[in-house]
Amino acid sequence: FAFLPGIAWERQQAEKWILVPILQAGGAWDLQSDVEAWMVSASLRSFAWWDIGKHRLGLGNRLLGAGQFAGSTSNKTGFILLENGLDWNYSLPWRWRGENLSTSVFVLWQHYADNVNINVVSGEDVGLENVYKLGFTFGFRRSAKPLLKLIPIRRIGIAFGRGNTLSGSDFKSITFNIGFPLSYD
């Protein structure tokens with residue numbers, strides 16, 4: 001069980017450029033082993049876009065620092081993540097519920113500037129260094145109407161990732177998403 005509330009401040013820097021500082025703090029509890037951990041993160045996200053006809057090119061960046069402090073031990077872990085990405089969104093000739101549909105292709109680079117160790121199921125540590133993603137999304141470019149009535153999701157998508165670990169091993173992933181990870185709307 002985890003609870004990580006936060007606060008974000010959307011700051012319009014220019015007509016098509018948004019800066020968003022975010023602070024989060026909370027805790028997680030492993031109900032089987034009765035272990036708790038306290039977590040904190042701070043990040044700064046930047047998103048700028050340019051409309052070119054029916055197309056939109058977006059540039060997203062984020063710097064994130066996160067830490068975890070295990071309550072029953074003196075174990076402290078954390079990482080620093082730098083992300084940069086481009087999103088090419090283009091309108092489709094179809095409409096749904098009175099709104100224009102669009103699709104996008106994005107590329108994303110994630111660099112773990114600090115040694116992030118993730119314990120996998122086998123107990124072996126994986127230290128990530130760089131992850132490169134190619135993703136696709138489908139939905140509304142910007143709409144007040146969500147794709148699902150109960151959940152305010154504007155876009156859905158999939159991304160394929162590949163990267164390397166600190167030991168030189170390959171890292172591969174498939175993730176499902178709800179839009180370009182570095183946009184903010």
Does T137 offer a backbone N or O that forms a donor-acceptor pair with the side chain of T103 under 3.5 Å? yes
Can you find a heavy atom in the side chain of W9 that is under 4.5 Å from one in the side chain of L19? no
If you compare all heavy atoms of I22 against all heavy atoms of A8, which two are closest, and at what distance to 0.1 Å? CG1-CB, 3.8 Å
Out of curiosity, L108 CG to E83 CD, how far, rounded to the nearest 0.5 Å? 5.5 Å
Applying side chain to side chain contact (heavy atoms under 4.5 Å, CB included), run through I158 and T175 and close with a yes or a no. CA-CA 6 Å; I158 189 168; T175 56; over 6 Å; no
Residues G6 and Q24: closest non-hydrogen pair is CA-CG, 3.7 Å
Side chains of V40 and L23, heavy atoms from C-beta outward: is any pair under 4.5 Å? no
Set of salt bridge (charged side-chain N to carboxylate O under 4.0 Å, His left out) partners for R11, sequence neighbours left out: none
Do V105 and L134 have side chains that approach each other closer than 4.5 Å (heavy atoms only, starting at C-beta)? yes
Please round to the nearest 0.5 Å and tell me the distance separating atom CD1 of I174 and atom CZ of R162. 12.0 Å
Partners passing salt bridge (charged side-chain N to carboxylate O under 4.0 Å, His left out) against K16 (at least two apart in sequence or in another chain): D51
In sequence, state the C-alpha distance, the side-chain angles, and the governing distance for W49 and D87, and then conclude on side chain to side chain contact (heavy atoms under 4.5 Å, CB included). CA-CA 9 Å; W49 64 95; D87 180 49; over 6 Å; no
To the nearest 0.5 Å, what is the distance between CZ (F180) and CG (L86)? 6.5 Å
Test of understanding: clusters of I, L, V, M, F, W, Y form through side-chain heavy atoms closer than 4.5 Å, transitively. Do L182 and V20 belong to the same one? yes
Is there side-chain contact between S102 and F138, with at least one heavy-atom pair below 4.5 Å? no
Taking side chain as C-beta onward, heavy atoms only, is L64 less than 4.5 Å from S41? yes
Quick one: ring pair (Phe, Tyr, Trp, His ring centres under 6.0 Å) partners of Y90, sequence neighbours excluded? W88
To the nearest 0.5 Å, how far apart are CZ in R155 and CZ in F136? 13.0 Å
According to side-chain hydrogen bond (donor to acceptor under 3.5 Å, both in side chains), who are the partners of S43, at least two apart in sequence or on a separate chain? none
Would you call L81 and R62 a side-chain contact if the rule is heavy atoms closer than 4.5 Å? yes
The criterion is side-chain hydrogen bond (donor to acceptor under 3.5 Å, both in side chains); which residues satisfy it with W29, sequence neighbours excluded? none
Output, in order, the C-alpha distance, side-chain angles, deciding distance and verdict of side chain to side chain contact (heavy atoms under 4.5 Å, CB included) for F140 and L101. CA-CA 5 Å; F140 303 113; L101 291 171; 3.7 Å; yes
In the single-linkage hydrophobic clustering (I, L, V, M, F, W, Y; side-chain heavy atoms under 4.5 Å), do L63 and Y112 co-cluster? no
Supply the atom-to-atom distance W109 CH2 to N61 CG, rounded to the nearest 0.5 angstrom. 10.5 Å
Please enumerate all residues that pass side-chain hydrogen bond (donor to acceptor under 3.5 Å, both in side chains) together with Q68, with sequence neighbours excluded. none
Write down the atom of A2, the atom of M39, and the distance for their closest heavy-atom approach. CB-CE, 4.4 Å
Drop me the distance from L82's CG to Q110's CD, to the nearest 0.5 angstrom. 10.0 Å
Donor + acceptor pair across side chains of S104, R56 (<3.5 Å): no
